[in-house]
**Student:** 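Below is a structure I'd like to ask you about.
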Amino acid sequence: MAHPQLPLFEPSDDPPAAAPRAPLASSRTPASAATPVVSTPASATPAVATPASATPPVSASASATPPAVAPKPARTQRPPVDPETLLADLNEPQRESVMHSEGPLLVLAGAGSGKTRALVRKIAWLIGVERMAPWQILAVTFTNKAAAEMRERAGHMLGQETVENGLWLGTFHAIGVRLLRMHGHHLGIPRSFVIHDADDSETMVKRVLKRLNIDEKSFPARSVRSYIDKQKQVCRGPDAPDLPTGTLVERRHAQIYAAYEAEMKQAGAVDFSDLIWLPYRLASEVPQVGDELRLRFRYILVDEFQDTNRAQFLLLKALLGPERNVCAVGDDDQSIYRWRGAEVENILEFDREFPGATVIRFEQNYRSTRPILDVSGALIAKNRGRHGKTLFTARDGGEKVRLFAAESESEEADYVVRRIAALRGKHPLREFAIIYRTNAQSRSFEDRLRAYAIPYKVFGGLRFYDRAEIKDVLAYLRLLQSPSDPIALDRILNRPNRGIGATTVARIEARSQASNETLWAALCAEAVDTTSSAAPKLRAFVDLIIELQALLAHETALGVARAVLAKTGYLAWLQKDGSVEGETRAENVRELLAALGEFSDQRADNSLAAWLDEVALVSNLDEKQGDDAVVLLTAHMAKGLEFDVVFVTGMEEDLMPHFNSRDDHASIEEERRLVYVAMTRARHHLHLSHASSRRRFGQTRPALPSRFLDGLPGEHLLDENPRPARRPRTELPAARPGLAWSSPRTATPKADPYADPVPDWENESQDAADKRNHRVLGTASPTTAASGWARGMRCFHPQFGEGIVTTVEGAGERAKVTVSFWDGIARKLIAKALSEP
DNA sequence: AGCGTAACGATTTTT
DNA sequence: TCGTTACGCT
């Protein structure tokens, strides 16, 4: 695999600090004059004196990790790297961080300041200059996507093989899986353990509650799961002395927790948080393992450090050798996962934890234009409790940040989509991102995008691997690997139908509980129980599973999956009713097979186990991209990404900040950071929008502009609503006493004010608006008054109730009337939808 | 046992 | 509004 010529630059990297790119230049074209990083083609690699440490520590378990730990010292592809070329196009702080290779280092890297680039260079430095072996380096990222990107970039500099086989690079969870597979047996975790996702955990909690006879009404599985998760996030087991047991509820929780753990152990399963917590226990409680790991990892890098939770931090420390060679990179202003246990304190108090730590700040931003930077900077400056840094850019100019106040969410969507249409020629569609707080908000944008025939891709919502049919197949595969897992067994026992109904399942459950054996064992026992009428059916099922299990030894993961489908008739079962839905599901399953095939072809370790590990950890961000399409995602998912054009939508109170955060100062600050993250994704164009009414809980309700819009620097803002001044509230009588009046905007614009670049969709948009109104009023009753409305008249709408006419445009049937309804919301309607009160 | 309907509930973010 | 679940009917 010796490349005749290694790629000479990181393809999608930031431009050199010395040559900032022009604000509007397409960022797709990397500076072609990028400095060569590798000075010698790999094929000419001279025999490099292998440092003594380049042999992995002797370890019994090392051989157990298939490709991971078996470096090939002699052939290790480590071209000599010229330090100067590694540093050439970095700015000063970046260089410093790359060269600092001893002792704890904290890099406070502002948004868009080139931290990924620095991290990749640092890895190259450690290997190429400091002469560490790849397997001595542990690099932790926040998402799989980030890991893939770093792997790719590092591969370009160091050679793919080095990166694929040596370097430990992945999310905390992925690293945790690896450590558990290697050493988990010390904690009684079988090597074939399965990973439960959040859904599985909840199901597991339900099982436990049932067994303990605890009413789910008083202890909802969901909240119990979250309790357990919280404990694990701080490395607190069910028998931890500091587990709160003061109140009755707390004692109950502790009891459920203990039972849950016992059940998990019997199942041979681990949950998400276990993937952090158990490796921590391994490293801290099992000297044999801990010492080996601490000896092995000579340098640890952690990205997105601000979003690590306590367990992750503890794990990090447990893996760290006495030299404390750790580089943590993060931005306290981008900490947005407090709700999930992230502790910003980890980054804020880094130097207390690691006395003498070097702190380096990246404050030069290479991503965004000045207005974007200043606006987002003004926002985040309002937060207290931050390290504090000011981003600057070498480039001047750039478009102002646009602010749009919409009447409704559909108008907001309309604005966004028209802006996209206007800018479409200048940026590829995949460079447009519509960012919102909650997944539910995607809908109005999807509707508009469809209407304009603009391709889009929604991230979030239902993941591919969360679809029922996919989970079914996965359950089969998991069951084969680990039959003791009751969650998988329960899921597919009667799917496709085998005539094993609830009664039978209950019998088996009872048997399992009585004899304290796994569900699978109980099922097997029942299958040979001559007194059981269901025995023949159960025996058939057991035979099926055993037969399939035999395939594991010699079949690929793909082969096993195919056999499962063939032997169970699962596909046929999906399609049996001939419905479109069933066909879609079958299609999804085939897609799963395709993914499996791809995996088998590409991976060195293409075992079923390896594949199951991977799919357990994929997020919807990891799903295949590719198409040139507008991207719709939540602010959380947008972290770490960047786009030419960004829309931060739904900038309203109770949405952004979300109403769950409203009474808590710390939460408000987190929401502010969330908005900051969203804004700083933008390279060239940033839009902020809000609507004065929004559907929620299935009802339209008034919405106020977000507090986060207050105090933004006006000189960088462009108001997209320079329309007639808002109507003073005194001009209209309140429709109902005591109800708020939500200052509706009047009159439709004659020309489209935000159309500046391409003002030619004016007519189209009017039509669109009409269509929209018709749709909204789909249930409108026949009317008495077709026209003749005037301002101030009282009127009635079958859906919205009573209201007062505030404006009238046009005449006759097509007249449009704005009505302020009794609920305080102004709606623009077709006149004929109204009747007299 | 399986399907359909009706009522109900729940709506933040995700490795 | 939507999705899920529970129950009742076939």
Side-chain angles (χ1 to χ4, degrees), chain A residues 140-147 170-177 195-199 201-202 206 216-217 220 222-223 225-226 229 232-233 270-277 303-304 307-309 311-312 315 335-342 409 435-444 459-463 465-466 468 494-505 534 537 573 576-577 579 613-622 633-640 650 654-662 667 670-671 673-675 677-678 694-701 776:
Chain A
V140 186
T141 59
F142 189 70
T143 63
N144 295 307
K145 191 167 191 272
T171 62
F172 267 111
H173 292 83
I175 302 282
V177 172
I195 302 167
H196 281 183
D197 66 15
D199 272 351
S201 302
E202 202 173 312
K206 281 186 184 151
E216 251 203 73
K217 292 264 161 40
R222 207 185 145 86
S223 62
R225 194 198 79 81
S226 124
D229 219 40
K232 292 188 175 182
Q233 276 165 6
V270 301
D271 61 31
F272 260 168
S273 295
D274 283 338
L275 294 177
I276 312 297
W277 179 48
D303 195 9
E304 305 283 11
D307 282 322
T308 51
N309 63 32
Q312 290 167 332
L315 173 60
S335 170
I336 54 175
Y337 282 97
R338 206 172 67 107
W339 52 274
R340 193 170 96 183
E409 50 188 327
I435 300 178
Y436 36 75
R437 179 65 229 261
T438 66
N439 282 124
Q441 287 167 256
S442 73
R443 240 186 98 173
S444 54
F459 289 92
L462 194 62
R463 291 185 315 154
Y465 289 102
D466 279 342
N494 199 30
R495 197 175 273 196
N497 310 347
R498 306 186 167 88
I500 303 173
T503 326
T504 312
V505 173
K537 289 172 185 163
W573 179 71
K576 71 173 186 307
D577 59 355
S579 67
D613 281 353
E614 188 164 297
V615 300
L617 298 176
V618 298
S619 75
N620 39 30
L621 205 56
D622 299 320
L633 34 47
T634 63
H636 282 90
M637 280 190 292
K639 188 173 86 158
D654 288 347
L655 198 54
M656 201 100 121
H658 195 270
F659 67 88
N660 287 1
S661 323
R662 68 167 131 199
S667 301
E670 173 136 325
E671 296 286 302
R673 291 193 292 267
L674 194 54
V675 175
V677 167
R694 185 170 293 275
R695 285 193 88 79
R696 239 187 185 207
F697 320 119
Q699 269 185 25
T700 307
R701 298 181 51 195
V776 169

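Residue numbering restarts at 1 for every chain, and letters A, B, ... go by the order of the sequence lines.
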**Student:** When the distance from CH2 of A:Trp339 to C1' of B:dT11 is rounded to whole Å, what number comes out?
**Tutor:** 15 Å
**Student:** Whole angstrom is fine here: how far is it from CZ in A:Arg498 over to P in B:dG2?
**Tutor:** 12 Å
**Student:** Please answer whether B:dT15 and A:Phe272 are stacked, defined here as ring centres separated by less than 5.5 Å and planes angled under 30°.
**Tutor:** no
**Student:** Indicate whether OP1 or OP2 belonging to B:dA10 is found under 4.0 Å from a side-chain N or O atom of A:Arg222.
**Tutor:** no
**Student:** Side chain of A:His173 only, please: which of C:dC2, B:dT15, B:dT14 is the nearest?
**Tutor:** B:dT15
**Student:** Tell me the interatomic distance from A:Arg701, atom CZ, to C:dT1, atom C1', rounded to whole angstroms.
**Tutor:** 14 Å
**Student:** Decide ring pair (Phe, Tyr, Trp, His ring centres under 6.0 Å) for A:His636 and A:Trp339; before the verdict, give the C-alpha distance in whole Å, the side-chain angles of both, and the deciding distance to 0.1 Å.
**Tutor:** CA-CA 12 Å; A:His636 282 90; A:Trp339 52 274; 5.8 Å; yes
**Student:** According to a strict under-4.0 Å criterion, is A:Thr634 in side-chain N/O contact with OP1 or OP2 of B:dT14?
**Tutor:** yes
**Student:** Please report the closest heavy-atom contact between A:Gln233 and A:Gly341, naming both atoms and the distance.
**Tutor:** OE1-CA, 3.5 Å
**Student:** Would you tell me if any nitrogen or oxygen in the side chain of A:Asn144 comes within less than 4.0 Å of OP1 or OP2 on B:dT15?
**Tutor:** no
**Student:** More than 12 heavy atoms of other residues, nucleotides or ligands under 6.0 Å from CZ of A:Arg338: yes or no?
**Tutor:** yes
**Student:** Mapping A:Asn494 and A:Ala174 onto DNA chain B by nearest heavy atom, which one lands closer to the 5' end?
**Tutor:** A:Asn494
**Student:** Under 4.0 Å between a side-chain N/O of A:Arg695 and OP1 or OP2 of C:dT1, yes or no?
**Tutor:** yes
**Student:** Kindly say whether A:Thr634 contributes a backbone atom to a donor-acceptor pair with the side chain of A:Asn439 at under 3.5 angstrom?
**Tutor:** no
**Student:** Is a salt bridge present between A:Asp271 and A:Lys232, judged by a nitrogen-to-oxygen distance below 4.0 Å?
**Tutor:** yes
**Student:** Nearest whole Å is fine: how far is B:dT15 C1' from A:Leu315 CG?
**Tutor:** 14 Å
**Student:** In whole angstrom, what separates A:Glu670's CD from B:dT14's C1'?
**Tutor:** 13 Å
**Student:** Calculate the interatomic distance between A:Glu614 atom CD and B:dT15 atom P; express it in whole Å.
**Tutor:** 14 Å
**Student:** Could you tell me how far apart A:Phe142 (CZ) and B:dT13 (C1') are, to the nearest whole angstrom?
**Tutor:** 11 Å
**Student:** Taking only N and O in the side chain of A:Arg694, is any of them less than 4.0 Å away from OP1 or OP2 of C:dT1?
**Tutor:** no
**Student:** Starting the side chain at C-beta, find the nucleotide from C:dC2, B:dG2, B:dT13 nearest to A:Arg443.
**Tutor:** C:dC2
**Student:** Across the strands shown, which category fits A:Asn439 at heavy-atom distances under 4.0 angstrom: base, sugar-phosphate, nothing?
**Tutor:** sugar-phosphate
**Student:** Figure out the CG/C1' separation between A:Asn309 and B:dT15, and round it to whole Å.
**Tutor:** 10 Å
**Student:** Could you tell me whether A:Phe659 contacts a base, only the sugar-phosphate backbone, or nothing, with contacts defined as non-hydrogen atoms closer than 4.0 Å?
**Tutor:** nothing
